[in-house]
Protein chains: 2
Amino acid sequence: MLRVSKFTDYAVVVLSRLEAEGGVQTAPGLAAGTGIAEPTVAKVLKMLSQAGVVEGLRGARGGYRLLRPLASLGLSEVIVAMDGPIALTACVDGGFGFCEAEQTCPVRGRWDPVNAAIRGALSAIMVSEIASPMPARRAVPQPVLAAE
Amino acid sequence: MLRVSKFTDYAVVVLSRLEAEGGVQTAPGLAAGTGIAEPTVAKVLKMLSQAGVVEGLRGARGGYRLLRPLASLGLSEVIVAMDGPIALTACVDGGFGFCEAEQTCPVRGRWDPVNAAIRGALSAIMVSEIASPMPARRAVPQPVLAAE
DNA sequence: TGCAATCCGGACTGATAAGGTCCCCTTTAA
DNA sequence: TTAAAGGGGACCTTATCAGTCCGGATTGCA
């Protein structure tokens, strides 16, 4: 199945919670609020922090806060932060030297428009379109996963 | 990484070869022509046959032939045939009962527009746009894979 | 009528990556 | 000074993918 990682799903949930609460929230607090295991939430927030989506405030009374409203945060940014660059195959954006059949490969460079189409489709969707509205509190872990 | 399986990649190559040769081709013949291992080619063709993209002709002098020109074959059809339905998560097209947090899930049903956007983007691309043009013969296996 | 070529369907196994947890260090407010 | 919190990385487990193989069914040809 064409899919994104679970972390992307988690990230949307955590971001949604973060915006609903507002201000600075701690990782343990968000874990309790979302029902996702605390180490996992911490990992998600670390990745989002590195991507510049949230800001981590260290020290006692620290936590995380949103740097941008979810309405202006493209879903593709979250996917890139969690899953890496959006590219259906490795033969993309110029050769990486991975492909042994580079000289004779009939689809060489041909996946580019496909990736561009995917990127375009995902960039047009904001996280807020997926995340809202949210109840005050969730109980169970969040297996919004790809089963197939 | 957001990616498709290698089989999708193989399928495009095999279909490209099939159209270039024309008529009925055997699995071993296509394996030799593409450089992909024969059991793998056979598996790909079986899946494409089940999807109605190619037709399998049994018996001596059997083989496979295209049912439609690649110019009218959407890439999404190939992806669906190889990877299953295009859905970034399982919480799609109505509940499957997989999700324990179904009642409280804040993103419940929200991935639908995302999946629809992806499907739309992929449906607009024809296999022929990726597959052509092709040399007469290829030598090396075809690791056009997702390496991250 | 038998034989050989070919597809059909599924089962099996190894490799790869994802998912998740834990640890120690740094930072900072009380 | 201490405790609360994030930062960074290593680690292990498990699921899924990729690839192979086998027996059976079907059909053309000698």
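Remember, predicted model here, so these are calculated numbers, not experimental data. Letters A, B, ... are given to chains in the order of the sequence lines, protein chains preceding strands, and every chain is numbered from 1. Every heavy atom of this structure was used, including side-chain atoms; hydrogens, water molecules and symmetry mates were not.
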Next item on the list: Using atom CD of Glu55(A) as one end and atom P of dT27(C) as the other, report the distance to the nearest whole Å.
Entry: 16 Å
Note to self: If you only use heavy atoms from C-beta on, which nucleotide in dT16(D), dA10(D), dA18(D) is closest to the side chain of Lys43(A)?
What the structure shows: dA10(D)
Next item on the list: Round to a whole Å and report the spacing from CG of Leu48(A) to C1' of dG6(D).
Entry: 14 Å
Notebook entry, point to check: Of Glu38(B) and Pro28(A), whose nearest nucleotide on DNA chain D comes first from the 5' end?
Noted result: Pro28(A)
Item checked: Check: Leu70(B) main-chain N/O paired with Glu19(B) side-chain donor or acceptor under 3.5 Å -> yes
Check: Ser49(B) side chain: which of dC8(C), dG28(D), dG19(D) is closest?
Finding: dC8(C)
Check: Should Asp9(A) and Val4(A) count as side-chain neighbours, where that means a heavy-atom distance under 4.5 Å?
Finding: no
Checklist line | Interatomic distance, Met82(A) CE vs dG20(C) P [rounded to whole Å] | finding: 11 Å
Margin query: Could you tell me how far apart Arg3(A) (CZ) and dA18(C) (P) are, to the nearest whole angstrom?
Written below: 8 Å
Notebook entry, point to check: When rounded to the nearest 0.5 angstrom, what distance separates CD1 in Ile36(B) from CZ in Arg17(B)?
Noted result: 11.0 Å
Check: Can you find a pair of side-chain heavy atoms, one from Ile79(B) and one from Ser76(B), that are under 4.5 Å apart?
Finding: no
Checklist line | From dG6(D), dG19(D), dC7(C), nucleotide with atom closest to Phe7(B) side chain | finding: dG19(D)
Next item on the list: Check whether any side-chain heavy atom of Lys46(B) sits under 4.5 Å from a side-chain heavy atom of Tyr64(B), and report yes or no.
Entry: yes
Note to self: Side-chain N or O of Lys6(B) versus OP1/OP2 of dT16(C): is the shortest distance under 4.0 Å?
What the structure shows: no
Next item on the list: Look only at the side chain of Gln25(A) and the backbone of Gly22(A), and say whether a donor-acceptor pair between them is shorter than 3.5 Å.
Entry: yes
Check: Just how far, in rounded Å, is C1' of dT20(D) from CG of Leu45(B)?
Finding: 16 Å
Notebook entry, point to check: Considering only dA18(D), dC21(D), dG7(D), which nucleotide approaches the side chain of Arg58(A) most closely?
Noted result: dG7(D)
Next item on the list: With heavy atoms under 4.0 Å as the rule, sort Leu57(A) into base, sugar-phosphate or nothing.
Entry: sugar-phosphate
Note to self: Taking the minimum atom-to-atom distance to the side chain of Ala60(B), which one of dT27(C), dA29(C), dA4(C) wins?
What the structure shows: dA4(C)
Notebook entry, point to check: Just checking Ala42(B): base, sugar-phosphate only, or nothing, at a heavy-atom cut-off of under 4.0 Å?
Noted result: nothing
Check: Between dG8(D), dT21(C), dG19(D), which one does the side chain of Gln50(A) approach most closely?
Finding: dG8(D)
Note to self: Using five pairs at each end of the helix from dT1(C)-dA30(D) to dA30(C)-dT1(D) to define an axis, what is the angle between those two axes, to 10°?
What the structure shows: 10°
Next item on the list: Look only at the side chain of Glu129(A) and the backbone of Met126(A), and say whether a donor-acceptor pair between them is shorter than 3.5 Å.
Entry: yes
Margin query: Counting only side-chain heavy atoms from C-beta out, which of dG6(D), dG24(D), dG19(D) sits nearest to Thr26(A)?
Written below: dG6(D)
Check: Rounding to a whole Å, what distance do you find between Tyr64(B):OH and dT26(D):P?
Finding: 15 Å
Next item on the list: Round to a whole Å and report the spacing from CD1 of Ile36(A) to C1' of dG20(C).
Entry: 13 Å
Notebook entry, point to check: Picking from dG20(C), dC7(C), dT16(D), which would you name as closest to the side chain of Tyr10(A)?
Noted result: dG20(C)
Check: Could a donor-acceptor pair under 3.5 angstrom be found where the side chain of Lys46(A) meets the base of dG6(D)?
Finding: no
Margin query: Given dC29(D), dG20(C), dT16(D), identify the nucleotide with an atom nearest to the side chain of Arg61(B).
Written below: dC29(D)
Note to self: Is there a side-chain contact between Arg65(B) and Leu57(B) in this structure, where contact means two heavy atoms from C-beta onward sitting under 4.5 Å apart?
What the structure shows: yes
Note to self: Are the side chains of Ile86(B) and Leu122(B) in contact, using a 4.5 Å heavy-atom criterion?
What the structure shows: yes
Checklist line | Shortest side-chain distance from Ala37(A), nucleotide among dG20(C), dT21(C), dC7(C) | finding: dT21(C)
Margin query: Tell me whether the side-chain N/O atoms of Thr40(A) come closer than 4.0 Å to OP1 or OP2 in dT21(C).
Written below: yes
Next item on the list: To the nearest Å, give me how far apart CD (Gln25(A)) and C1' (dG6(D)) are.
Entry: 15 Å
